[in-house]
Amino acid sequence: MPELPEVEIVRQSLNRQVKNRKIIKIQVNNRNLRLKVPKDFEQIFKNAVIEKIQRKSKYLILVFNNHLYCVIHLGMSGTLHFMGLKKKITNLSFYGSQSLPKKHNHIIFRFKNFKLIYNDPRRFGFFKILNNKSDYLRFFTRIGPEAISKDFNKKYLRKILKNRTKNIKNLLLDQKLVSGLGNIYVNEILFQAKINPFKKSYLINLDENKKIVKYSKIILNKAIRFGGSSIRDFKGITGKSGNFQSEFKVYDRAKKKCSRNKCSGQIRRKIISNRSTFICSVCQK
DNA sequence: CCGTTAACCTGAGAGC
DNA sequence: TGCTCTCAGGTTAACG
């Protein structure tokens, strides 16, 4: 489901709801997520207090008072839901006044006055425990600089594009090189930068290089301001939908007219590495 | 080292 | 109503 902006919206919601709260009990209904939920997961976090909630690219990190970290990745379909213990607090739930999904509620965190529930139909998400700061740092060495950070700049991008033969779209999706981008936002960034997603990385010129950096930041930050993108059923943890989907210029716009002023092109859907790729062949060269 | 592909899963929606 | 097919905000092991 989520790319950097959606994960950031979830982080903000968690920060409002569970910061400085104690987990009273954990119930694991299904350990078979992308990584197996450890047998002692329930015991380790019982009575632990969540000191803060961080985000790094698409990962959420719960920082606990017992110096442990819990890294959460939502995969494609992972969602977190609030649920009051009594029905009168159901307005805190993910679906507003409605009830939780019936299936795939894999992990339930019980707090004093509410529950936090992890739902994930496809089970591509995971929960990973990191025991100390050094494990934490080691875990994130696999992740490149965040696309919205200062470390992702012209000079850095130039360096990673040079001598690489793979296409620019796959390169930007490679989390080891630059992190936080996913299929939607890469499509949007390359459209704004007027670059064909099939273009070989080493052929990206200096002007295009600059535009990729510029639009990465503009688009991600705007998406955060809009509350993320709500395609299908993504909502923030308190039930509000994001609105950035109405700002899409190419993603999911196959056969529609190019949204760029004065461009007569039509958006086409093509496949790159098994993923939908949307291109205006007139303005993306 | 690099780049590509298949695989991991379930559910929604389209077409017949 | 139901079958079959395609597709989905991600990642990574395995292969050449």
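Numbered from 1 within each chain, the chains take letters A, B, ... in sequence-line order. Just so it is clear, the model here is predicted, and its values are computed rather than measured.
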Margin query: With a 4.0 Å cutoff (strictly under), does any side-chain N or O of A:Arg164 reach OP1 or OP2 of B:dC2?
Written below: yes

Check: Between C:dC3 and B:dC9, how far is it from one P atom to the other, in whole Å?
Finding: 23 Å

Margin query: Does A:Asp120 reach a base, just sugar-phosphate, or nothing at all? Heavy atoms under 4.0 Å.
Written below: nothing

Next item on the list: Report yes if a side-chain nitrogen or oxygen of A:Thr165 is closer than 4.0 Å to either non-bridging phosphate oxygen (OP1 or OP2) of B:dG3; otherwise report no.
Entry: yes

Margin query: Does C:dG10 have its OP1 or OP2 closer than 4.0 Å to a side-chain nitrogen or oxygen of A:His73?
Written below: no

Next item on the list: Measure the distance from CG on A:Leu172 to P on B:dG3 and round it to the nearest whole Å.
Entry: 13 Å

Margin query: Between A:Ile271 and A:Tyr59, which residue's closest nucleotide on DNA chain C lies nearer the 5′ terminus?
Written below: A:Ile271

Check: Are any of A:Lys176's side-chain N or O atoms less than 4.0 Å away from OP1 or OP2 of C:dT12?
Finding: no

Checklist line | Contact under 4.0 Å: A:Ser276 side-chain N or O vs C:dA8 OP1/OP2 | finding: yes

Next item on the list: Could you check A:Arg122 against A:Asn163 and say which one's nearest nucleotide on DNA chain B is further toward the 5' end?
Entry: A:Asn163

Next item on the list: Hunt down the Watson-Crick or G-U wobble partner of C:dT12, both distances under 3.5 Å, from any strand shown, or write none.
Entry: B:dA6

Note to self: Nearest whole Å is fine: how far is B:dC9 P from A:Leu74 CG?
What the structure shows: 19 Å

Margin query: Tell me if the side-chain of A:Arg275 makes a donor-acceptor pair with the base of C:dA8, cut-off 3.5 Å, by modelled atom types.
Written below: no

Check: Among the nucleotides C:dT11, B:dT10, C:dA8, which one has an atom lying closest to any side-chain atom of A:Arg269?
Finding: C:dA8

Check: Think A:Arg142 has a side-chain N or O under 4.0 angstrom from the OP1 or OP2 of C:dT11?
Finding: no

Item checked: Is_stacked (A:Phe124, B:dC8) at 5.5 Å, 30 deg -> yes

Checklist line | Atom CZ of A:Arg268 with >12 non-hydrogen neighbours under 6.0 angstrom | finding: no

Next item on the list: Send over the distance from A:Ile272 CD1 to C:dG10 C1', rounded to a whole Å.
Entry: 16 Å

Next item on the list: Check the distance between B:dT10's C1' and A:Tyr118's OH and give it to me in whole angstrom.
Entry: 13 Å

Notebook entry, point to check: Rounded to whole angstrom units, what separation is found between the CG atom of A:Asn274 and the P atom of C:dG10?
Noted result: 13 Å

Checklist line | Intermediate values then yes/no, ring pair (Phe, Tyr, Trp, His ring centres under 6.0 Å), A:Phe278 and A:Phe248 | finding: CA-CA 11 Å; A:Phe278 300 91; A:Phe248 291 167; 9.4 Å; no

Item checked: N/O (side chain, A:His104) to phosphate O (OP1/OP2, B:dC9) under 4.0 Å -> no

Next item on the list: Measure the distance from CZ on A:Phe127 to C1' on C:dT11 and round it to the nearest whole Å.
Entry: 17 Å

Next item on the list: Write down the distance between CZ (A:Arg34) and P (B:dA7), rounded to a whole number of angstrom.
Entry: 18 Å

Next item on the list: In whole angstrom, give the distance that lies between atom CG of A:Asp252 and atom P of C:dA8.
Entry: 8 Å

Margin query: Check this for me: does any side-chain nitrogen of one of A:Arg138 and A:Asp135 sit under 4.0 Å from a carboxylate oxygen of the other?
Written below: yes

Notebook entry, point to check: Are OP1 or OP2 of B:dT10 and a side-chain N or O of A:Lys103 less than 4.0 angstrom apart?
Noted result: no

Next item on the list: Could you tell me whether the phosphate oxygens of C:dG10, OP1 or OP2, come under 4.0 Å of any side-chain nitrogen or oxygen in A:Gln175?
Entry: no

Next item on the list: Would you mind telling me which of C:dA8, B:dG3, B:dT5 lies closest to the side-chain atoms of A:Lys166?
Entry: B:dG3

Notebook entry, point to check: Side-chain contact, heavy-atom cut-off 4.5 Å: A:Ile50 with A:Phe111?
Noted result: yes

Notebook entry, point to check: Under 6.0 Å between ring centres, would you say that holds for A:Tyr118 and A:Phe127?
Noted result: yes

Checklist line | Salt bridge flag under 4.0 Å for residues A:Arg11 and A:Glu8 | finding: yes

